[in-house]
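Every chain is numbered from 1, with letters handed out A, B, ... down the list of sequences.
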Amino acid sequence: MKYKALKGICDILPPETYIWQHIESVAKEVFKTYGCKEIRLPIIESSEIFIRSIGETTDIVEKEMYTFQDKAGRSVTMRPEGTAPFVRAFVEHSLHNEPSPQKYYYMGPMFRYERPQAGRQRQFHQIGIEALGTDDPKIDAEVISMLMALLKRIGLKDIELEVNSIGCGICRPEYKTVVKDFLRENLEFFCEDCKRRYEINPLRILDCKVEGCIGRRQAVPSIVNLLCDDCKDHFEELQHYLQLLNVSYRINPNLVRGLDYYTRTAFEVKGKSLGAQNAVAAGGRYGSLVEEFGGPAVSGIGFAIGVERLLSLVSEGHNDYGPDIFLCFLGDEAEKKSFMLTNELRAEGLWVETAYDKSSLRSQMRRADRIKAKNVIVMGEEELKKKKVIVKNMAGKEEVETVLEGAEIIKVVQKDILSV
RNA sequence: GUGAGUGUAGCUCAGUCGGUUAGAGCACCAGGUUGUGGCCCUGGUGGCCGGGGGUUCGAGUCCCCUCACUCACCCCA
């Protein structure tokens, strides 16, 4: 084989593409009912946007970005996530002047240079929303419940919502210090990764899976008990609203987000059958990102769904796509007439296929069956003399003779199409 | 970046102790007597056995290197 797609970058082929279309259209319907408007954002941005927002010491920025120089020598990066480009656009176009709160959704590819594995590829797709213009925890609950409503409508089972508050610019640094104080004495007994985390992001130690580390960190107090009063109130109200909306959730005090810009609310939806990369969607509140990008002091909250991970959770079975009509012909005159009729029926919005060369009726019927045609039209010399055609329903086998006229044929075929 | 596993047809896999022209099922294409699909039957297309080197009279099979893929760690959607 001469050429292959790049490592971790996949083609999406039919019938998979049908499931993608389905998910995207359901998402759009759900978002519409919450007032989210679509925003389409570029795939490459100035590198600085990601470095400043995601954080210089995060893995994404340190080793996972597709960054290169354009012809003018500027450093540009293929977006590893959607929030930073969104906030850049929000500020650039002064979208805070739209009636508040402003709610947007986006969908598209993201790029991270990582070793691929189950549920992780270098080009992957996210469907995300962002809601800005209010600090009220009511909108946090609304955003989370919108996510759960969407996942439910897509038919996901065996998923679990985890929520946490990771504090704000005031109480989180204080909590970090508390964690470091508690771990300092025993640090030598922790795993190598945790020793590294201690310097870079000590909160991650609370999420380590190594058994020895789990036992040794027991004494560390939970962040939930050390939030400042404002953050604490926010978190409690969020839970209150989630309960009002009957959204079931689990508080995970060890839930940490990997991106620096998150404040207060953090949440994640985990899929039970997903393997090691089990977050199907995640999000959180960002308190000062808009300001850091030179915009007004408005905060936002958003989430992103990993579409590929979502797909691996949704049961398949969208494999029954086939033409509404397959047109069989016999004889030279019928070939011409059927070619014209194919065109006419397509103009009416039907999916119509026909044979491209002369072959036996048996062979044409076989082809119609293989491509899962719902109906077959037989146009032979005998029918042509009477200016009629035979319409056959492939599932039920019944045949009807009808006049050779597009409108009449559509009438015969219609009930089957509508019932699909 | 680290570790483990797997590479034979488009897909799923056989291939004996190293033996002659590499197989099956599915899929695809063409047929199975005047114009009716699915099941069945016949035939056909499709392989540098991931690549390179070595051992041997002889390698899909044994050895070395390499590449690719997969899973996991890290991290994340």
Side-chain angles (χ1 to χ4, degrees), chain A residues 1 4-8 10 13 54-55 57-65 79-83 107-128 147 151 191-194 196-197 200-201 204 207-210 255-259 267-271 274-284 302-313 322 326 328-331 334 357-384 389-399:
Chain A
M1 204 168 302
K4 291 172 75 172
L6 299 177
K7 185 199 280 282
C10 302
L13 309 171
I54 297 168
T57 61
T58 59
D59 275 27
I60 291 178
V61 169
E62 271 187 348
K63 49 192 193 193
E64 294 174 5
M65 294 207 302
R79 61 182 187 189
E81 59 104 37
T83 299
M107 36 186 75
M110 306 292 164
F111 304 84
R112 290 182 202 172
Y113 194 87
E114 300 178 88
R115 280 282 276 273
Q117 69 183 74
R120 190 171 73 189
Q121 39 279 127
R122 289 183 174 178
Q123 177 177 339
F124 60 101
H125 296 76
Q126 290 189 339
I127 297 175
L147 170 61
L151 297 181
C191 71
E192 289 307 309
D193 284 327
C194 278
R196 194 172 45 81
R197 290 179 182 120
I200 297 166
N201 190 354
R204 284 236 164 266
D207 203 27
C208 182
K209 295 170 199 118
V210 177
L255 178 64
V256 184
R257 306 271 70 233
L259 289 62
F267 57 98
E268 201 164 293
V269 178
K270 290 179 176 170
L274 267 183
Q277 314 303 321
N278 64 354
V280 66
F303 65 72
I305 301 170
V307 181
E308 284 84 355
R309 291 183 188 177
L310 178 65
L311 247 79
S312 65
L313 285 175
F326 188 94
C328 301
F329 62 85
L330 292 160
D357 48 14
K358 289 189 186 65
S359 56
S360 68
L361 184 58
R362 178 200 192 85
S363 149
Q364 293 184 63
M365 288 296 292
R366 194 174 291 185
R367 178 176 303 279
D369 185 62
R370 281 184 191 166
I371 64 177
K372 300 184 176 76
K374 297 180 185 71
N375 299 281
V376 161
I377 290 175
V378 179
M379 186 191 288
E381 280 137 348
E382 290 170 29
E383 287 80 20
L384 220 50
V389 292
I390 292 168
V391 180
K392 177 173 183 173
N393 178 287
M394 291 295 271
K397 286 186 182 178
E398 64 268 17
E399 293 189 357

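Within the 4.0 Å cut-off from OP1 or OP2 of rA72(B), at least one side-chain nitrogen or oxygen of Gln117(A) is found. Between Lys63(A) and the phosphate of rC74(B), there is no side-chain N or O to OP1/OP2 separation shorter than 4.0 Å. A close approach under 4.0 Å does occur between a side-chain nitrogen or oxygen of Arg362(A) and OP1 or OP2 of rG37(B).
A residue-by-residue look at Ala395(A) and Asp193(A) shows that Ala395(A) has its nearest nucleotide of RNA chain B further toward the 5' end.
To the nearest angstrom, P of rG37(B) lies 18 Å from CD1 of Ile377(A). The distance between atom CG of Leu384(A) and atom P of rG35(B), rounded to the nearest whole Å, is 15 Å. Between the P atom of rA77(B) and the CG atom of Asp59(A) lies a distance of 12 Å, rounded to the nearest Å. The NZ-P distance, from Lys4(A) to rG10(B), rounds to 13 Å in whole Å. What separates CD of Glu399(A) from C1' of rU36(B) is a distance of 7 Å, to the nearest Å. The distance from atom CG of Asn393(A) to atom P of rG37(B) is 15 Å, rounded to the nearest whole Å.
In this structure, Gly119(A) reaches the bases: a heavy-atom distance under 4.0 Å links it to at least one base atom across the strands shown. Here Gln121(A) lies in heavy-atom contact (under 4.0 Å) with a base. In this structure, Glu381(A) reaches the bases: a heavy-atom distance under 4.0 Å links it to at least one base atom across the strands shown. The residue Val280(A) sits close only to the backbone: its heavy atoms come under 4.0 Å of sugar-phosphate atoms, none of a base. If you check every strand for non-hydrogen atoms under 4.0 Å, Lys7(A) touches sugar and phosphate atoms only. Using a 4.0 Å heavy-atom criterion, one finds that Leu310(A) contacts no nucleic acid atom at all. Across all strands, Arg197(A) comes closer than 4.0 Å only to sugar-phosphate atoms, never to a base (heavy-atom distances). Across all strands shown, Glu81(A) has no heavy atoms under 4.0 Å from either base or sugar-phosphate atoms. Nucleic acid contact for Arg112(A): base, since at least one base atom lies under 4.0 Å from a heavy atom of the residue. Using a 4.0 Å heavy-atom distance criterion, Ala279(A) is classed as a sugar-phosphate-only contact. Using a 4.0 Å heavy-atom distance criterion, Glu382(A) is classed as a base contact.
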Nucleotides 2-8 of chain B: which of its N/O atoms have a protein N/O under 3.5 Å away?
{"unit_1": "rU2(B)", "atom_1": "O4", "unit_2": "Arg115(A)", "atom_2": "NH1", "d": "3.3"}
{"unit_1": "rU2(B)", "atom_1": "O4", "unit_2": "Arg115(A)", "atom_2": "NH2", "d": "3.3"}
{"unit_1": "rG3(B)", "atom_1": "O6", "unit_2": "Arg115(A)", "atom_2": "NH2", "d": "3.3"}

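Atom-to-atom distance recorded for Glu81(A):CD and Phe124(A):CZ is 9.0 Å, nearest 0.5 angstrom.
Ranking rU36(B), rA68(B), rA77(B) by closeness to the Met365(A) side chain, first place goes to rU36(B). You'll find that the side chain of Leu330(A) is closest to rG35(B), out of rC74(B), rG35(B), rU33(B). When distances run from any side-chain atom of Gln126(A) to the nucleotides rC75(B), rA77(B), rC73(B), the shortest one goes to rA77(B). Comparing rA72(B), rG37(B), rC29(B) by their closest approach to the side chain of Arg370(A) singles out rC29(B).
rU6(B) and rA68(B) make up a base pair, with Watson-Crick or G-U wobble contacts both under 3.5 Å.
On a pure distance criterion of 3.5 Å, no polar donor-acceptor pair joins the side chain of Arg367(A) and the base of rG37(B). With hydrogens and angles ignored, a donor-acceptor pair closer than 3.5 Å exists between the side chain of Gln277(A) and the base of rC75(B). Donor-acceptor pairing under 3.5 Å, judged by distance alone, is present between the side chain of Glu383(A) and the base of rG35(B).
For the pair Arg122(A) and Phe111(A), the cation-pi test (distance below 6.0 Å, angle within 45°) is failed.
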